[in-house]
Chemist: 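Can you keep this structure in mind? I'll have questions shortly.
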Protein chains: 2
Amino acid sequence: MPKETFFHLPEDKRNLICQVALDEFATHSFDRASINRIVARAGIAKGSFYQYFENKQDLFRYLLQLIAEEKRNYLAPVLHNPERHDFFTLLRELYRAGIQFAVEHRKYAEIGRRLLASKGTPIYAQVVDEGMPQAYDLFKGLLEKAIARGEVRADIDVEMVVYLIAALNTLLLEYYTEHVTWDYDERMFDTVDRFIDFLKHGLKANESGGVSP
Amino acid sequence: MPKETFFHLPEDKRNLICQVALDEFATHSFDRASINRIVARAGIAKGSFYQYFENKQDLFRYLLQLIAEEKRNYLAPVLHNPERHDFFTLLRELYRAGIQFAVEHRKYAEIGRRLLASKGTPIYAQVVDEGMPQAYDLFKGLLEKAIARGEVRADIDVEMVVYLIAALNTLLLEYYTEHVTWDYDERMFDTVDRFIDFLKHGLKANESGGVSP
DNA sequence: ATAGAATGTGACCCAATGGTCATGTGACCG
DNA sequence: CGGTCACATGACCATTGGGTCACATTCTAT
């Protein structure tokens, strides 16, 4: 985490450094992100950078923290009282909130995506091990309750489905932003609904000859 | 692609260089893979390396070609006569073959995974743009035929489902190798079947109160 | 005004990398 | 045997990066 000196800086200078760094990490993998470029763009001396942050990873962790905090603002309302929704509606809201966060914080989303994709690199091992179990536990808890309430089939492999639901979260965002749009509008609701429909009913044609659901 | 000199080498020397390079690219991202390490481990002079390959990317592309050729051996039998299977059985076979390839060629699988995950890096843009449309077109063709034959719901968003089916291919492998095992045995059939079941029927509990399918 | 603390500076350090190039070696041929 | 060609060699080059450090400047308190 940043040193005291960083927090002594005027706010606009702090923001500038963070914005420049966010740009850099959103544009390049961790390995290719360059402190030389960051300091040049932020207009600070390189030595000063090390007065604010321990090292490159320290900066990166700080940014990840900012990102996580902001994302929490989007997810918290949905998770405020999960019992008020059935499982699929809750999932729909979680996915929707995730997309809203991403389209309103594009750089944050890209940094998160790069981080997840960096599995098998040193930075992943050093930074990621914590946040994942929480997300898994959340989905698992929700799924088990939904099974108990009869909303979700009881004959599924819970671990596998938890894994899928979490992964589909990422997939949905990627599909929407790469194949549909970066706008937060009707199409987003459309796309999320189609994903949820797929999750509910699968692909198989109904054998009675009618349309599935 | 490699220079003539590479193919003049004794076969065992060629194989050694390839094996060492495969190790390197399976262990590190493209950016972190080091030619210095490769030549040291292969016991060749660095200058010699550049007599065999144009540069790092040339070597990488050559390895990718080897990988693609080997993978084709696993997929070709399944795709030999797709009409003999219904859509879900065909998909099951494709997924199964993909896992078999991966567990029998672990390094190849890891290199492929790293490459796909490297979206947003220079190497991805330079190497990947071709292979993807083919895979998409394949899945799309199969899906459209399945819809026409009444095996798959006609009310789905084809583009989206093609995207999902392709992505689930990767997810299935990741889930199996990280959460189940690297062995090619009963559990693999089990896991694939559960994935296919999910694809067919989704998660929603059957409203008539019985078990879904 | 002055001293000390806090902060700013950028040249430098060291390591590592991909790639080059002048030279060396060995096989082959006439 | 000498010349030529194909290949091998590893020191070198240029660049880049993360991080350091001796010095400079600014701020604050007395």
Side-chain angles (χ1 to χ4, degrees), chain A residues 1-18 20-21 23-25 27-64 114 118 121-127, chain B residues 1-18 20-21 23-25 27-64 114 118 121-127:
Chain A
M1 286 300 117
K3 300 178 183 178
E4 276 295 310
T5 48
F6 182 68
F7 297 108
H8 292 159
L9 291 175
E11 190 176 343
D12 59 340
K13 186 165 184 178
R14 274 203 329 269
N15 287 339
L16 174 62
I17 293 169
C18 287
V20 167
D23 276 342
E24 186 69 12
F25 287 112
T27 305
H28 306 280
S29 61
F30 181 80
D31 282 338
R32 278 183 173 258
S34 157
I35 291 182
N36 287 338
R37 279 199 295 268
I38 290 170
V39 297
R41 289 192 179 129
I44 62 174
K46 194 164 178 191
S48 288
F49 175 85
Y50 290 94
Q51 286 176 332
Y52 311 145
F53 300 96
E54 187 79 36
N55 52 33
K56 188 176 175 182
Q57 191 179 122
D58 194 35
L59 168 64
F60 190 61
R61 281 174 178 269
Y62 178 62
L63 295 180
L64 291 181
R114 284 183 186 275
S118 68
T121 64
I123 190 62
Y124 187 90
Q126 283 146 31
V127 169
Chain B
M1 284 299 118
K3 301 180 183 178
E4 277 293 311
T5 49
F6 182 67
F7 296 108
H8 294 159
L9 291 176
E11 190 175 343
D12 58 339
K13 188 166 183 180
R14 278 204 324 270
N15 287 340
L16 175 63
I17 292 168
C18 287
V20 167
D23 277 343
E24 187 69 12
F25 286 113
T27 306
H28 305 282
S29 61
F30 181 81
D31 281 340
R32 278 184 175 260
S34 157
I35 291 182
N36 286 339
R37 277 199 296 268
I38 289 170
V39 297
R41 289 192 180 130
I44 60 174
K46 196 167 176 190
S48 288
F49 175 86
Y50 289 94
Q51 285 177 328
Y52 312 145
F53 301 96
E54 187 79 34
N55 51 33
K56 189 179 179 182
Q57 192 182 117
D58 195 34
L59 167 63
F60 191 60
R61 281 173 178 271
Y62 178 62
L63 296 180
L64 290 181
R114 283 182 185 276
S118 68
T121 65
I123 190 62
Y124 187 90
Q126 284 147 28
V127 169

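Just so it is clear: chains get the letters A, B, ... in the order the sequence lines come, proteins before strands, and each one is counted from 1.
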Chemist: Mapping F30(A) and G43(B) to their closest nucleotides on DNA chain D, which lands nearer the 5' end?
Modeler: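 It is G43(B), whose closest nucleotide lies nearer the 5' terminus.
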Chemist: Whole angstrom is fine here: how far is it from CG in N36(A) over to C1' in dT20(D)?
Modeler: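 After rounding, the gap between these two atoms is 13 Å.
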Chemist: Output the rounded distance in Å from CD1 (I35(A)) to C1' (dG10(C)).
Modeler: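 Taking atom C1' of dG10(C) as the reference, CD1 of I35(A) is at 15 Å.
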Chemist: Would you say that I123(A) contacts D31(A) through its side chain, given a criterion of any heavy-atom pair below 4.5 Å between the two side chains?
Modeler: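 No, side chains not in contact.
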Chemist: Whether the side chain of K13(A) engages the backbone of A42(A) through a donor-acceptor N/O pair (distance < 3.5 Å, no angle test) should be reported.
Modeler: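 Answer holds: no.
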Chemist: Are L63(A) and L59(A) packed together at the side-chain level, in the sense that at least one heavy-atom pair is separated by less than 4.5 angstrom?
Modeler: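 In short, these two side chains touch, coming nearer than 4.5 Å.
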Chemist: Report which part of the nucleic acid A40(B) touches: base, sugar-phosphate, or nothing (heavy-atom distance under 4.0 Å, all strands).
Modeler: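 The answer is nothing, as A40(B) stays clear of every strand by at least 4.0 Å.
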Chemist: Is K46(B) side chain donor-acceptor paired with the dG19(C) base, going by distance under 3.5 Å alone?
Modeler: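 Such a pair exists between side chain and base.
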Chemist: If I take atom CZ in residue R32(B) and atom C1' in nucleotide dG17(D), what distance separates them, rounded to the nearest angstrom?
Modeler: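 The answer, rounded to whole Å, is 11 Å.
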Chemist: Do F30(B) and K56(B) make a side-chain contact, defined as non-hydrogen atoms from C-beta onward lying under 4.5 Å apart?
Modeler: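 Contact flag for F30(B)/K56(B) side chains = yes.
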Chemist: Think K13(B) has a side-chain N or O under 4.0 angstrom from the OP1 or OP2 of dA8(D)?
Modeler: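 Yes.
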Chemist: Checking all strands, does I38(A) fall into the base, sugar-phosphate, or nothing category for heavy-atom contacts under 4.0 angstrom?
Modeler: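 No contact.
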Chemist: Calculate the interatomic distance between Y52(A) atom OH and dA6(C) atom P; express it in whole Å.
Modeler: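 Answer to the nearest Å: 15 Å.
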Chemist: From CG of L9(B) over to P of dT9(D), roughly how many Å is that when rounded to an integer?
Modeler: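 Value for this atom pair: 11 Å.
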Chemist: Starting from C1' on dG18(C), measure out to CZ on F49(B) and report it in whole angstrom.
Modeler: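 Distance check: F49(B) CZ to dG18(C) C1' gives 9 Å.
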Chemist: Just to confirm, is there a sub-4.0 Å distance from OP1 or OP2 of dT7(C) to any side-chain nitrogen or oxygen of S48(A)?
Modeler: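 Looking at the OP1 and OP2 atoms of dT7(C), neither is under 4.0 Å from any side-chain N or O of S48(A).
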Chemist: Can you tell me the distance, in whole Å, between the OH atom of Y50(B) and the P atom of dA22(C)?
Modeler: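 These atoms are roughly 17 Å apart.
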Chemist: Regarding dA6(C), can its base be found pairing with the side chain of Q51(A) as donor and acceptor, where the two atoms are less than 3.5 Å apart?
Modeler: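 Absent.
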Chemist: So, for Y62(A) and F6(A), is the gap between ring centers shorter than 6.0 Å?
Modeler: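 Centroid distance Y62(A)-F6(A): below 6.0 Å, so yes.
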Chemist: Give the rounded distance in Å between these two atoms: NZ of K3(A) and P of dA6(C).
Modeler: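 Checked: the NZ to P distance equals 14 Å.
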Chemist: Closest nucleotide of DNA chain D for H8(B) versus for D31(A): which of these residues is on the 5' side?
Modeler: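 By nearest-heavy-atom nucleotide position, the 5'-most residue is H8(B).
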